[in-house]
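Working notes for the structure below.
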2 protein chains.
Amino acid sequence: MDSLSIGQLAKQAAVAIDTVRYYERSGLLAPAGRLASGYRRYGASELKRLRFIRRAKALGFTLEEIASLLTLSDERDVAKVKQTAELKLADIQHRIDELERIRSGLKALTAACPGHGRAEACPILNALSQESAS
Amino acid sequence: MDSLSIGQLAKQAAVAIDTVRYYERSGLLAPAGRLASGYRRYGASELKRLRFIRRAKALGFTLEEIASLLTLSDERDVAKVKQTAELKLADIQHRIDELERIRSGLKALTAACPGHGRAEACPILNALSQESAS
DNA sequence: CTGCAGTCTGGACCCAGGTCCAGAGTCAAG
DNA sequence: CTTGACTCTGGACCTGGGTCCAGACTGCAG
């Protein structure tokens, strides 16, 4: 072990083979070492890095941000890592706020709609049709 | 008034001209009437419909769902309109839940990170690198 | 040695929801 | 009539994050 084919690497990191190659193409992973045949070979550090990427993605980071995090990690720049995480946190919060705004609008409309009767009495259709709403 | 060029329509609905044509292409708006020159002409009902689309989009509906809402509106099917809104509400709620899950993970990490010192002591980097995390 | 699974490449394609373009024709103010 | 703003068309392009493909080659079990 400690010498993995792309298929084994992908399986152990729980990503698709094409995704590994895509990450290499887009600079997120360094070009892999090759066998004489041209087959890629990976070691433990690449597996670790790939898992790092997967976890960061689960935390809502974009691939571009992950590339930056990996650089900062290599540079051991803890301050900037923390700052990046805080910015992402603020970004996530904004998205939550926006969705909650939408949710409260929808909640009010569905709660007010009897679900039967004249279309003219449906608050949902009225809200969408009315001149006044923003 | 009551006869609008595509530019006037777009302006009054606060939408780009290309977007109006795109909506027509994708069936969200019926093919517009034309002048002898081929220029599109619109009336008040198209303006209303376009605004409906814009408001529904602000409530988080996709264009496909909006097409469906418009059909239901034309059919005056209040029950299905309400059901569509409730499904969308559940969808929004799922997205909020997911983002809140991410937020709490990020919050814990940034709170625990001193923002300086050894990289090995940075909980953010550790969480992303560790074997244990999912 | 055979046969099948794995891997290689470059490039096309997917999703949604548009946006932008060139080249041609049109409308309206002055 | 001229000029500038508007509109027409079909099609290409954009973002992000992959996914899929054909055709060729390789690795390994039996």
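Each chain gets a letter, A, B and so on, in the order its sequence line appears, and its residues count up from 1.
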Comparing nearest nucleotides in DNA chain C, the 5'-proximal residue of the pair B:Thr62, B:Gly38 is B:Thr62

Nearest-nucleotide wise, let me know which of A:Ser37 and A:Ala16 is further upstream toward the 5' end of DNA chain D.
A:Ala16

Minimum heavy-atom distance B:Leu9-B:Leu47, with the two atoms named:
CD1-CA, 3.7 Å

Starting at atom CZ of B:Arg54, determine the distance to atom P of C:dG17, rounded to an integer number of angstrom.
16 Å

Give the rounded distance in Å between these two atoms: CZ of A:Arg34 and C1' of C:dT9.
9 Å

With a 4.0 angstrom cut-off to heavy atoms of chain A, pull out the first and last contacting nucleotide of DNA chain D, in 5'-to-3' order.
D:dG17 to D:dG27

Which donor-acceptor pairs under 3.5 Å do the side chains of residues 29-46 of chain B make with protein atoms, sequence neighbours left out?
{"unit_1": "B:Arg34", "atom_1": "NH1", "unit_2": "B:Gly38", "atom_2": "O", "d": "2.8"}
{"unit_1": "B:Ser37", "atom_1": "OG", "unit_2": "B:Tyr39", "atom_2": "N", "d": "3.3"}
{"unit_1": "B:Arg40", "atom_1": "NE", "unit_2": "B:Glu24", "atom_2": "OE1", "d": "3.0"}
{"unit_1": "B:Arg41", "atom_1": "NH1", "unit_2": "B:Ser3", "atom_2": "O", "d": "3.3"}
{"unit_1": "B:Arg41", "atom_1": "NH1", "unit_2": "B:Ser3", "atom_2": "OG", "d": "3.3"}
{"unit_1": "B:Glu46", "atom_1": "OE1", "unit_2": "B:Gly43", "atom_2": "N", "d": "3.0"}

Between A:Ser5 and C:dT7, is there a contact of a side-chain N or O with OP1 or OP2 at under 4.0 Å?
yes

Looking at A:Arg40, I'd like to know whether one of its side-chain N or O atoms comes within less than 4.0 Å of OP1 or OP2 on C:dT7.
no

Any residue in residues 85-98 of chain A with a heavy atom nearer than 4.0 angstrom to DNA chain D? Just list them by number, or reply none.
none

Exercise: identify the closest heavy-atom pair between A:Val78 and B:Gly115:
CG1-C, 3.8 Å

Which atom pair, heavy atoms only, marks the closest approach of A:Thr110 to B:Ala85?
CG2-CB, 3.4 Å

Residues B:Cys122 and A:Val81: closest non-hydrogen pair is SG-CG1, 4.2 Å

Residues in side chain to side chain donor-acceptor pair (under 3.5 Å) with B:Glu98, at least two apart?
B:Arg101

Rounded off to whole Å, could you give me the CD1-to-C1' distance for the B:Ile53 and C:dG17 pair?
13 Å

Within the 4.0 Å heavy-atom criterion, would you say B:Ile17 contacts the bases, only the backbone, or no part of the nucleic acid?
sugar-phosphate

Mind checking side-chain contact (heavy atoms from CB on, under 4.5 Å) for A:Leu109 and listing every partner two or more places apart, or none if nothing turns up?
A:Pro123, A:Ile124, A:Ala127, B:Leu59

In A:Thr62, A:Val15, A:Ile66, the residue satisfying side-chain contact (heavy atoms from CB on, under 4.5 Å) with A:Lys57 is A:Ile66

Looking at B:Glu64, I'd like to know if its CD atom is crowded, meaning that more than 12 non-hydrogen atoms belonging to other residues, nucleotides or ligands lie closer than 6.0 Å.
no

Within residues 19-29 of chain B: residues closer than 4.0 Å to DNA chain C (heavy atoms)
B:Thr19, B:Tyr22, B:Tyr23, B:Arg25

Please name the pair of heavy atoms, one in B:Ala121 and one in B:Pro114, separated by the smallest distance, quoted to 0.1 Å.
O-CD, 4.5 Å

Shortest non-hydrogen contact from A:Val20 to A:Ala10?
CG2-CB, 4.1 Å

